Structures are given as structure tokens and as C-alpha cells.
Amino acid sequence: MKIACIGGGPAGLYFGLLMKKQNPQHEITVIERNRPYDTFGWGVVFSDQTLGNLTAADEDTARTILRSFNHWDDIEVNFKGKTLRSSGHGFCGIGRKRMLNILQERCEQLGVRLVFENDVTDDQAIAATYDADLVIASDGLNSRIRNRYAETFRPDVETRNCRFVWLGTKKLFDAFTFAFEQTEHGWFQAHIYQFDGDTSTFIVETPEDTWKKAGLDQMSQEEGIAFCERLFARYLDGHPLLSNAKHLRGSAIWINFPRVICNTWVHWNTVNGRRVPVVLMGDAAHTAHFSIGSGTKLALEDAIELANCFREHGGDTPDKLEKLLERYQELRSVEVLKIQNAARNSMEWFENVDRYSRLDAEQFAYSMLTRSQRISHENLRLRDPEYVRRYEDWIARRAFEQAGLEYRAPAAGKSIPPMLTPFRLRNTVLKNRIVVSPMAQYSAVDGIPGDYHLVHLGSRAMGGAGMVFAEMTCVSADARITPACPGLYTAEHTAAWKRIVDFVHQSTDAKIAVQLGHAGPKGSTRRAWDGIDLPLDERTEGNWPLVAASEQQYIEGVSQTARAATREDMERITADFVRATRAAAEAGFDWLELHCAHGYLLSSFISPLTNKRTDGYGGALANRCRFPLEVFAAIRAAWPEDRPISVRISAHDWVEGGITPADAVQIAKLFKEAGADMIDCSSGQVSKQEQPVYGRMFQTPFSDRIRNEVGIPTIAVGAIYEADHANSIIAAGRADLCAIARPHLANPAWTLNEAAKIGYSDMEWPRQYRPAKIQLERNLERERQMAAASSGLSPQQIAARLMEGS
């Protein structure tokens, strides 16, 4: 083949040498706008895993790169006058210029033609000049080729919120160092790492508004660098900060990170009567924030994947080439998306350092280490078990102190997992941070919970959770979702609930909570298995009238139409909530939650998608929250002072024009001011037009933001299904409790089982479950021994490799 690579960065050079190595008959030309061996930038970072990929692709290049690397295992976090270190991370740094020079030399050894000082403006002319069968567009972040064929590639370029400057220093650092400094204008952070024998990269970053308040936008390059030297003087030990961008004037050295995502990576042209593909690679196709050091990694792994596709699928005919490129994008786009998602999480953490500045230094550092969600609690334990043990001990001591309990340290070398530490709210103390989510069971008769509910809630209370939530319990007959939903509006309901509450209190050490709600426009529907959200069959059951903030149909053309609530309706409904609250207290519930989410009545007032009122209960967010806040104030007055009330909200409607996470912060503030003790952070189910973005722990960022911006305890929900998830969330301060739903449906003893799986044996199992515990521990130990025997690796090594995906 004849291949032209436009752009002599990592992607173009590496692809060129891999393809030449694969078949020396290929004619490959790499065209670069700069002079030979002339490049810019400081250092780049790779993980040990990335180095393994390079070694597998071309060992000669990898060996040369490895000889030039500076390797370290430690990450150091400096915050609020404290320095905290974690080890076992396995990073390597190399100068960008040195790395490109190695790739250039390797290309020349293999016979790849390098053309310098040619600033390509017309890729089709290049394709014609070199009679190319394939053109690689590796022309960087501001790719002209991507812009030329924007209709095909459909790039999404988003300019992010922080300004950063890429500097260097001769001060050498023995760890990947993060330094956070607060000024009168806001927070600045430095990302620092050594990349060769005498130089370290020193990136300074801060939010745009802080950058402007500090006057950096008006400073010369020299003044801006001097500002950074003064700010980070205690880390520099008198060494100056250096710039290699002398050609830039004033504040132009400070840039915003552009996040690039392309829908398609391949465009086809007709050149000299032949179809010739143009393939995006590296920064031209995608970017990943520098805080996880993945831009160069992505570029090199693009090259590896495309070269592998050629090796496996040929490409010597147009049909094969087209299928090969489709396969390349199919495979690579998934891997890139994983990295970009992790990079987005990391980037957003650094954009919001002020959000986490209330945390103690220990928790701040842990939050930073796990910010991308690629490093979890157990993965961190594999990297540095002693760091995690010390941190778990710190978390546990603080939790017991806050709960007003005596802390009894486990055996030497042991610690209590964060999810199993106690939690106190008002006078209610939960033995651990796991709660069973409220889950509709559609098994009540005339609103009365029966034996089914006793078994359902009782077994899960025995299963180790700190608290079990009863499903949404309706405050009146016309507040039910279905005829099979439970209520708290008659004496029979109160007595039935008291039976269940008494069982939980007498037979377990778990607490039990009630969630009060009103279905509003989503009421009068069938049981889920008979047709979820569909109205009742008029011939057999009959519907009851519905109310909402404004007239609406939940499912257009299908659902019953709910009328707009009048002031009289609101007064009646408030009284219903108060009556149910008093009944819940009489039944002995430990905790009450007000349901203001998922499109039910109170949620219909909050969301602009469903509230079209023009009176004092519509319009601005504060007005839309007015009725839910009135209900909250009424139930708070009726509920015992020493027992907590949480509020469940939809923190994101997942529909354009609906509630956003920023709105959720304001909603949480309003409920906090009204006296709410905790916010239960769910999302969606307000509109059938919603388009949620699912994934593990996908709703936890809402909890994280509300907890740390508003300063109120939160419950995280949604796709939390492993102890590792819960421990990571609690340890990082992203939530105070984790609500687990589906896993508890599958296994009422989920908490006990997960504790055993992570090796925590001090948890008290109910007497009846102890034989199961013994058998589980035996099975787990047998699995570890068998795996170790078959592989020659220790269980820890096996787990580490699984965590790394290898």
C-alpha cells in the first residue's frame, strides 16, 4: 500500500513505523509542518499498562523509550498544609521532544519517508501527489482535515472551564505531585512530574473566573509566570518556572482545554478516479484531559489498533479496506469512549476544586485519587494496601465519633470498610451506610401491607443493611400509583405497618424508614407486570381522577389526563401528608422520606416540563418548589423532632428544558433551609422523552455535587451493585449512604455477602445465617487457592491484573 500520514506527531509516526514493520513493501510518507527533530511541549506520562501495549506492538521502540523514561510509583497530594502519599500507581514520564525523536529515528531505520516543513492545507492534493491508498489525518487538535469534512466527521468541540499553562522547572520531584493553593481569588492547582534527568513538567490550572479575578488575563507572559512562582514557591525551592512558548504574547500561554469527540472517523474521497479513505487519528479524532495523561496514550493506541486491523483483515482490496476501517472504528471508539469518560470525570473534579475544599485533607486526597472512577477502593487497596488501611481507620474513627459511639479498633492490620461504618442523623444511628431502596412491590390489598411485606422487608433487615425503606407509601387512596400500592390513611394501615416495624426492631438491629408520596399524574395505573404506566382497565377496575401541578398526560394519548391542582386540592393533600406522617410515627418508623421525584405529584410542581402554572406556584424555580416546601414544613412539624426526614428529588430530568444538576443544587438548598436532614439523589422518570446516560454509579455525581456544594448529607442511588462501589462512594465523600435496590431483590443478604467477599469477617451475621457465612468463606478461599494454583500468581496479583483489564 501507499500511505500518507499528515502530521508527524505520535499517531502519524507510530502508525507509519508499525505498518512499515508489518510489510516493508508499503510506501509510507509522514508529512510534518515543523523542522526535523523540532517539536514543542514538556513531558508526557504513560502508565505501566500503556508501556506493556507499546512493548507488544514494537519491542525495539518500546525498549528505547523505556531507557529514556523516569519511573515513579507514588502520587503526592498537598492540601491545607498536609502532604499525603499513595504508592503503587506505576507511571513513567518522558520528554515529548525525546519521545518524538525516538519515533522519528525508528521510522528512518525502517524506511518510512519523513517530509518536514510542509504545512498541508489540501489532503486531496497530498493523496494525489503520493498516489495514496490511505490518508491518515493525524494533524492535531486544530485539524484542518477534520474541519474540512465536518459534515462527515460531525465533531463536537467543547471548550472547558479552566485555564491552564504548561511550564517546566529544573526542580526534580520524586512523585507525581499535586499541589493546591487557595488565594483571595480562588483555588489554583499544579500538576507536577519529572520526565527526564533534570526537568519536571509543571502545569498550573485554575477556573476561568479565578484566572480573571487574579488579573492573569492582563499580565504579560513573564508576569504570569512570576505569579505562579510566588504562588507555588514552597514546592519549587527557589527554582524558576520555565516556558518554551516564547513566541506567544501576553496571556496567550494560558489556554482552555478543548474536549473533542467525533461521531465518525473515516471520510472517503475520490482521487484520480479511486476511492481513498481519510482516517482521523490522535487529537484530530478525540482529546482526553491531561489530568489522566491520556492524549498521547490514545494516539499511540489508535495506531496500534489500526495496524492490528490491517494485520488481521488485510486491506489489499477496496472492499476489505472499507470493512477493515469500519471494524477499526467499531473497536477503537469504545475504548476511546472509556478513556474520555474517565478523563471527563477527572477534568470536572479539577474544575470544581472549591466544591471539595470543605473536605479534610485525608478525604480530599482520596477523592482526588479516585476522581476518574477508573481507580476504585479495592483497586487502590491492591496498589497500596497500607495507605487504604490507614485511610479506612481514619474514616472509621471519625464515623464512630460523629455517631457518638465508642470506636473499637479491629485486630492489628485490619480495618472497617467505609460502607460498614455507622452513621448518625438526629437521634437515629444506622449501624452501617447501606440502605435497601424503596421498591414498589404492588402486593398490598386496599392499601394494607401484609405478610408479603413482612417477609420482604424483614428478610432484608436481617440481611445486614443499616436500614430498609418501605416502598412509596401513599397518603390517600387517590394518591396510589396502582390499586396494589400500600397506604397510610386508615387505622388498619397503621396497625399493619406497626406489625412490620415491630418485627424489624425486635428481630434485627436495622432501622426502618417510610417514604411518603402522592402519585399525582402517574396514578391510577396497572401493576407493573400488567402494563407499566398504563391506565387501569375501565371495564374491570375503573380509574380515579388525577391531579398534577398543571394539566398533563404522562404518556401522551395513553395516560389519563390529570387536572391542575387548585388551592383547595393543595390544602387537602397537605393535610393527607400530615395525617400519614402522624400515622408513621405511631407505627414506630425510625425515619421518614418525602417523595419529590420521578414525576409524581410533588415532582410535577418542581419540574418545568410539567409545571406550566402562572400563579405563585409556577414560573421561577423557587415558586415551583413552593408547594413541595409547604408540604415538607407541615410534615416536619408533625414528625418527632428527634427523627430525621430525607427528601428524594429527581436531580436531572434528562430532557432539554427540564431540571438540570445545577437546578438540583438549588432545590437541595431550599429543602435544607426548610429543615431537611438529607437529600436522596435520584433522577429521571418525569418525562417519557428522557434520554438518561446509564452506567455504573451513574447517578452518584448528582449526590456528590449536592453533598459537597450544599453541605447536606446525601443518599447515592443507581447502579451501585458491589461493595467496591459503595466503599468508593462513602470513602470519597460522594454520599453518606448508598441505596441498593435490585441486588437486594436478588439477595436479601447482599450486605452480609459483600462484606464476606471483601474479607471483612467481623460483621455480625444473624444466627440463622451463620452456616451460610461459613460456607461462603470456604468457597471464596477455595476459589482463590484454585486460581493461584492454576496461574502461578498470587491471589493479589490475579486481582490486580483483573482490575487492570489484562
Side-chain angles (χ1 to χ4, degrees), residues 440 444 446-447 471-490 493 515-526 532-538 541-581 583 593-619 621 623-635 647-650 653 658-659 667 684-688:
D446 294 329
E471 63 196 275
M472 187 175 96
T473 302
C474 305
V475 298
S476 61
D478 62 352
R480 291 175 296 170
I481 308 167
T482 76
C485 288
L488 253 178
Y489 48 87
T490 71
H493 298 152
Q515 184 189 68
L516 295 183
H518 190 301
K522 295 175 70 175
S524 193
T525 63
R526 305 173 193 179
I532 191 166
D533 293 327
L534 296 180
L536 294 170
D537 188 334
E538 286 284 5
E541 295 180 283
N543 285 282
W544 56 81
L546 305 178
V547 295
S550 303
E551 183 177 297
Q552 72 162 97
Q553 280 184 299
Y554 180 58
I555 306 177
E556 190 174 347
V558 176
S559 297
Q560 184 187 168
T561 299
R563 63 176 174 82
T566 65
R567 184 60 208 161
E568 291 74 21
D569 291 324
M570 288 187 265
E571 289 172 357
R572 173 179 56 83
I573 290 166
T574 301
D576 289 340
F577 270 99
V578 170
R579 180 187 60 217
T581 297
E593 179 162 283
L594 180 63
H595 202 325
C596 295
H598 301 168
Y600 297 126
L601 178 65
L602 299 183
S603 170
S604 78
F605 275 84
I606 295 173
S607 174
L609 298 174
T610 49
N611 186 336
K612 306 299 181 183
R613 300 176 73 102
T614 57
D615 61 5
Y617 293 92
L621 179 60
N623 285 352
R624 300 198 308 272
C625 288
R626 186 177 166 191
F627 178 53
L629 289 167
E630 287 176 357
V631 172
F632 177 85
I635 66 170
V647 179
R648 172 167 279 207
I649 66 171
S650 284
D653 284 346
I659 291 295
I667 294 166
Q685 301 179 55
V686 172
S687 167
K688 284 294 187 182

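Keep in mind that this is a model prediction, so the values were computed, not measured.
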Any side-chain to backbone donor/acceptor pair from [X] onto [Y]? Under 3.5 Å, distance only.
{"X": "S650", "Y": "H598", "result": "yes"}
{"X": "N611", "Y": "Y617", "result": "yes"}
{"X": "S607", "Y": "G658", "result": "no"}
{"X": "Q553", "Y": "S559", "result": "yes"}
{"X": "R480", "Y": "A477", "result": "yes"}
{"X": "Q560", "Y": "W544", "result": "yes"}
{"X": "R648", "Y": "L594", "result": "no"}
{"X": "S604", "Y": "A549", "result": "yes"}

Quick one: closest heavy-atom pair of [X] and [Y], and the distance?
{"X": "A562", "Y": "A548", "result": "CB-CB, 3.9 Å"}
{"X": "L601", "Y": "V547", "result": "CD1-O, 3.7 Å"}
{"X": "A634", "Y": "V578", "result": "CB-CG2, 3.6 Å"}

Open item on the list: Could you check whether atom CD of E630 has more than 12 heavy atoms from other residues, nucleotides or ligands sitting under 6.0 Å from it?
Closed with: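 For E630, atom CD is crowded (more than 12 foreign heavy atoms under 6.0 Å).
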Task: Exceeds 12 heavy-atom contacts within 6.0 angstrom, atom CG of D446 - done: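 Open.
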Less than 4.5 Å apart, any side-chain heavy atom of [X] and any of [Y]?
{"X": "P608", "Y": "R624", "answer": "yes"}
{"X": "K522", "Y": "Q685", "answer": "yes"}
{"X": "H518", "Y": "D576", "answer": "no"}
{"X": "S550", "Y": "T610", "answer": "no"}
{"X": "H493", "Y": "T473", "answer": "no"}
{"X": "I649", "Y": "I659", "answer": "no"}
{"X": "P483", "Y": "L536", "answer": "yes"}

- [ ] Would you give the length of the straight line joining atom CG of D653 to atom OG of S603, rounded to the nearest 0.5 angstrom?
- [x]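 Output value for this atom pair is 7.0 Å.
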Task: Separation of F632 CZ from C625 SG (nearest 0.5 Å) - done: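 So the gap between those two atoms works out to 12.5 Å.
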- [ ] Return the orientation label for the F605 and F627 ring planes: parallel under 30°, perpendicular over 60°, tilted otherwise.
- [x]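 Tilted.
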- [ ] Kindly write out the residues that satisfy side-chain contact (heavy atoms from CB on, under 4.5 Å) with N623, not counting sequence neighbours, or none if the list is empty.
- [x]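 By the side-chain contact (heavy atoms from CB on, under 4.5 Å) rule, N623 matches no residue at all.
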Open item on the list: Under the criterion side chain to side chain contact (heavy atoms under 4.5 Å, CB included), I'd like the reasoning laid out for K688 against D533: C-alpha separation, chi angles, the key distance, then a yes or no.
Closed with: CA-CA 10 Å; K688 284 294 187 182; D533 293 327; 2.9 Å; yes
Open item on the list: According to ring pair (Phe, Tyr, Trp, His ring centres under 6.0 Å), who are the partners of F577, at least two apart in sequence or on a separate chain?
Closed with: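 So F577 forms no ring pair (Phe, Tyr, Trp, His ring centres under 6.0 Å) with any residue.
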Open item on the list: Between L602 and H595, does the side chain to side chain contact (heavy atoms under 4.5 Å, CB included) criterion hold? Intermediate values first, please.
Closed with: CA-CA 7 Å; L602 299 183; H595 202 325; over 6 Å; no
Open item on the list: Whether R567 and E571 form a salt bridge (side-chain N of Lys/Arg under 4.0 Å from carboxylate O of Asp/Glu) is what I want to check.
Closed with: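 Salt bridge flag = yes for R567 with E571.
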